[in-house]
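I have placed the structure first, in the form of structure tokens, so that the comments after it can refer back to it.
Within every chain, numbering begins at 1; the chains are lettered A, B, ... in the order of the sequence lines, protein sequences first and strands thereafter. Side chains included, hydrogens not; waters and symmetry mates left out as well; all remaining heavy atoms used. Predicted model only: the values in this text are computed from it and were never measured.
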Number of protein chains: 2
Amino acid sequence: MTDPTAPGPLAATAALMADPARARMLAALMGGEALTAGELARVAGVTAATASGHLARMADGGLLLVHAQGRHRYVRLASEEVAAAIETLGGLAARIAAPPRPWKHGEAARAARLCWNHLAGRIGVALHARLTGAGWLVPVPGGWDATTEGRARLAATGVDLDAAARAPRVATHRCVARACIARDCMDWSERRPHLAGGLAREIATGWIGRGWLRRLPAEGDGDILARRRLALTPEGARALRDGLGLDLSA
Amino acid sequence: MTDPTAPGPLAATAALMADPARARMLAALMGGEALTAGELARVAGVTAATASGHLARMADGGLLLVHAQGRHRYVRLASEEVAAAIETLGGLAARIAAPPRPWKHGEAARAARLCWNHLAGRIGVALHARLTGAGWLVPVPGGWDATTEGRARLAATGVDLDAAARAPRVATHRCVARACIARDCMDWSERRPHLAGGLAREIATGWIGRGWLRRLPAEGDGDILARRRLALTPEGARALRDGLGLDLSA
DNA sequence: CCATCGCTTCGCGGGGCGCCGAAGCGTCCC
DNA sequence: GGGACGCTTCGGCGCCCCGCGAAGCGATGG
């Protein structure tokens with residue numbers, strides 16, 4: 001009936017991340033942008049032929065989505081869950097590999113970074129704590145929904161909650177009783193959850209678009225956190241303090 | 001300086017989970033008990049020689065701790081973070097592998113199971129929601145601490161909070177300002193956090209010891225969730241409802 | 001229409017490693 | 001003390017798969 005030599009789901013999925021070139025590609029895609037096969041080949045340090053094979057495997061294994069456009073193939077992470085798994089596994093790996101110099105790649109990344117399409121780091125967990133602590137987000141099965149006041153507060157920061165509600169729904173539960181516009185995602189540097197989901201995506205894109213956060217350049221060549229590091233601008237700090245009561249001076 | 005062919009931390013750690021035999025061993029260890037090398041060889045379906053090599057690799061890679069006792073070698077997961085990574089990756093793998101029959105191994109495991117040494121499943125997330133929602137746990141940097149009332153409530157359920165405070169501290173932050181007796185761990189079946197950490201360990205062992213929860217037998221031979229499934233007993237349901245206001249009829 | 005570009009497929013070579021059987025070593029029990 | 005047991009180490013076999021270059025294919029652009 002079942003093949004005793006079959007890898008099993010856990011091993012099969014882990015194997016997709018267990019190759020150095022593939023891991024570098026996944027790390028680059030954690031920046032949230034869709035990258036072309038050629039860009040990923042470059043960041044992985046392999047030829048286009050090798051990269052093509054890797055991308056096909058990962059897409060086939062459900063980690064990536066590929067979108068052909070002209071003669072380019074744009075690749076992005078398949079889902080929030082993939083991003084969460086990479087985030088968690090990356091945190092474990094970092095702690096195992098580098099107890100002596102714990103945060104080689106970064107104090108900046110600990111303060112603010114992207115986790116696929118949403119905010120992570122101290123700002124991410126602070127945002128989670130503020131929105132849930134103030135009662136602007138309330139728990140619903142599978143995640144969080146926003147209250148009326150929460151919607152008003154967020155709308156004032158330029159976040160489009162209708163767009164968040166239109167986020168692709170993953171049908172993991174038979175019947176989803178209520179709107180779930182945000183979920184939790186474990187933050188590996190802070191060890192507490194930050195917000196993920198449609199709302200979190202709108203927040204990240206909106207605040208970056210307004211210039212409240214800006215992307216930081218890569219540090220060196222093999223920077224595993226390239227494309228992910230963010231910095232809060234002075235205007236952003238002011239706006240978040242005044243609009244949400246979010247003080248990030250700590 | 002740095003070897004360009006070096007795997008990188010993420011790939012190296014993922015590789016430790018990417019072998020079918022190793023994955024089966026890790027799944028078995030998610031039941032929380034320390035198992036001998038021989039037991040793990042059996043569950044993995046390999047000879048003792050092969051298992052020995054696998055265990056040495058995983059111990060060397062920081063996933064496992066080994067404790068020699070007489071002519072047995074007891075093996076357990078190295079840390080909460082390892083358990084969290086396996087939990088997250090396992091959830092992703094299950095969702096990727098089995099959209100047609102989503103929960104082959106079970107409704108029982110979704111209701112209540114062990115995640116290394118703490119409770120997971122619906123009971124785990126309900127407990128998290130209740131303790132934090134009632135204000136019995138309050139957020140501190142890196143996790144949660146209990147209030148005086150929370151301590152009293154938990155002590156009434158037989159949970160020893162002094163033992164929880166003595167939990168091995170992982171020094172990930174330079175200075176930990178306050179006691180942190182619980183942390184969040186993402187639940188892969190419910191997609192919301194449940195409680196981990198010393199407090200959660202005391203809760204799981206205490207409630208199982210009191211007969212409020214009991215371990216369920218394995219289903220078949222290659223049961224990936226063997227040793228993890230739990231069931232709430234009638235006494236347990238009563239005690240949790242009366243003692244903590246935790247209603248699990250849903 | 002042809003050159004270029006991005007990407008894929010194919011075939012090949014090589015290294016890593018998963019597996020086992022046999023042998024060795026320490027522990028436990030009679 | 002001798003035998004059984006649990007585990008490790010060693011040697012060897014075999015497969016998987018990673019990497020590349022070369023060739024093919026569709027899209028683009030002059």
Side-chain angles (χ1 to χ4, degrees), chain A residues 3-8 10-29 33-61 63-76 222, chain B residues 3-8 10-29 33-61 63-76 222:
Chain A
D3 179 8
T5 68
L10 203 169
T13 306
L16 292 177
M17 307 178 181
D19 177 82
R22 286 198 292 264
R24 282 191 287 267
M25 292 177 179
L26 291 172
L29 289 168
E33 303 161 300
L35 303 176
T36 66
E39 289 175 303
L40 288 167
R42 230 165 294 127
V43 66
V46 294
T47 64
T50 303
S52 178
H54 283 315
L55 294 174
R57 270 175 78 112
M58 290 192 284
D60 197 55
L63 296 191
L64 304 180
L65 293 179
V66 181
H67 176 66
Q69 186 173 330
R71 57 181 170 185
H72 294 281
R73 306 265 288 180
Y74 282 94
V75 178
R76 60 197 164 94
Chain B
D3 177 8
T5 69
L10 202 170
T13 306
L16 293 177
M17 307 179 180
D19 177 80
R22 286 198 293 264
R24 281 190 287 267
M25 293 178 179
L26 292 172
L29 290 168
E33 302 161 301
L35 303 177
T36 66
E39 289 174 303
L40 288 168
R42 229 165 295 127
V43 65
V46 294
T47 65
T50 304
S52 178
H54 283 315
L55 293 174
R57 270 177 79 112
M58 289 193 283
D60 196 56
L63 296 191
L64 304 179
L65 293 179
V66 181
H67 177 64
Q69 185 174 330
R71 58 181 169 184
H72 294 281
R73 305 265 287 180
Y74 282 94
V75 178
R76 59 196 166 95

Task: Rounded distance in Å - CG (B:Leu55) to P (D:dG6) - done: 15 Å
Task: Shortest non-hydrogen contact from A:Leu26 toward A:Leu16 - done: CD1-O, 4.5 Å
TODO: May I ask you to test the A:His72-A:Tyr74 pair for a side-chain heavy-atom distance under 4.5 Å?
DONE: yes
TODO: May I ask you to evaluate whether A:Thr47 reaches the phosphate of D:dG19, defined as a side-chain N or O under 4.0 Å from OP1 or OP2?
DONE: no
TODO: Provide, to the nearest angstrom, the distance between the NE2 atom belonging to B:His72 and the P atom belonging to D:dA4.
DONE: 17 Å
Open item on the list: Let me spell it out: for each of B:Val46 and A:Ala56, pick the nucleotide of DNA chain C with the closest heavy atom. Which residue's pick is nearer the 5' end?
Closed with: A:Ala56
Task: B:Val75 side chain near B:Val66 side chain, heavy-atom distance below 4.5 Å - done: yes
Task: Nucleotide D:dC17, atom P - distance to CE of A:Met17 in whole Å - done: 17 Å
Open item on the list: On DNA chain C, does the nearest nucleotide to A:Gly53 precede the nearest nucleotide to A:Arg71 from the 5' side, or the other way round? Give the residue.
Closed with: A:Arg71
- [ ] Measure from CD on B:Glu39 to C1' on D:dC7 and round the result to the nearest Å.
- [x] 14 Å
- [ ] Check whether any side-chain N or O of A:His54 sits under 4.0 Å from OP1 or OP2 of D:dC17, and answer yes or no.
- [x] no
TODO: Could you tell me the separation between the CZ atom of B:Arg57 and the CZ atom of B:Arg22, rounded to the nearest 0.5 Å?
DONE: 4.5 Å
TODO: Evaluate the side-chain proximity of B:Met17 to B:Leu63: yes if any heavy-atom separation is below 4.5 Å, no if none is.
DONE: yes
Open item on the list: Could you tell me the boundaries of the chain A footprint on DNA chain C, defined by atoms under 4.0 Å from its heavy atoms?
Closed with: C:dT4 to C:dT9
Task: Distance (rounded to the nearest 0.5 Å) between B:Leu40 CG and B:Arg73 CZ - done: 12.5 Å
Open item on the list: Distance check needed: D:dC17 C1' versus A:Asp19 CG, whole Å only.
Closed with: 9 Å
TODO: Looking at every strand, decide which applies to A:Ala48 at a 4.0 Å heavy-atom threshold: base, sugar-phosphate, or nothing.
DONE: base
Open item on the list: Rounded to whole Å, please give me the gap between CE in B:Met25 and C1' in D:dC7.
Closed with: 13 Å
- [ ] Any chance you could measure B:Glu39, atom CD, to B:Leu29, atom CG, to the nearest 0.5 Å?
- [x] 9.5 Å
Open item on the list: Under 4.0 Å, heavy atoms only, any strand: does B:Ala49 hit a base, just the sugar-phosphate, or nothing?
Closed with: base
Task: Rounded interatomic separation in angstrom, taking CZ from A:Arg73 and P from D:dC25 - done: 16 Å
Open item on the list: Can you see if the side chain of A:Thr50 gets near the phosphate of D:dC20 - specifically, an N or O under 4.0 Å from OP1 or OP2?
Closed with: yes
Task: Integer-rounded Å distance: D:dC17 C1' and A:Met58 CE - done: 15 Å
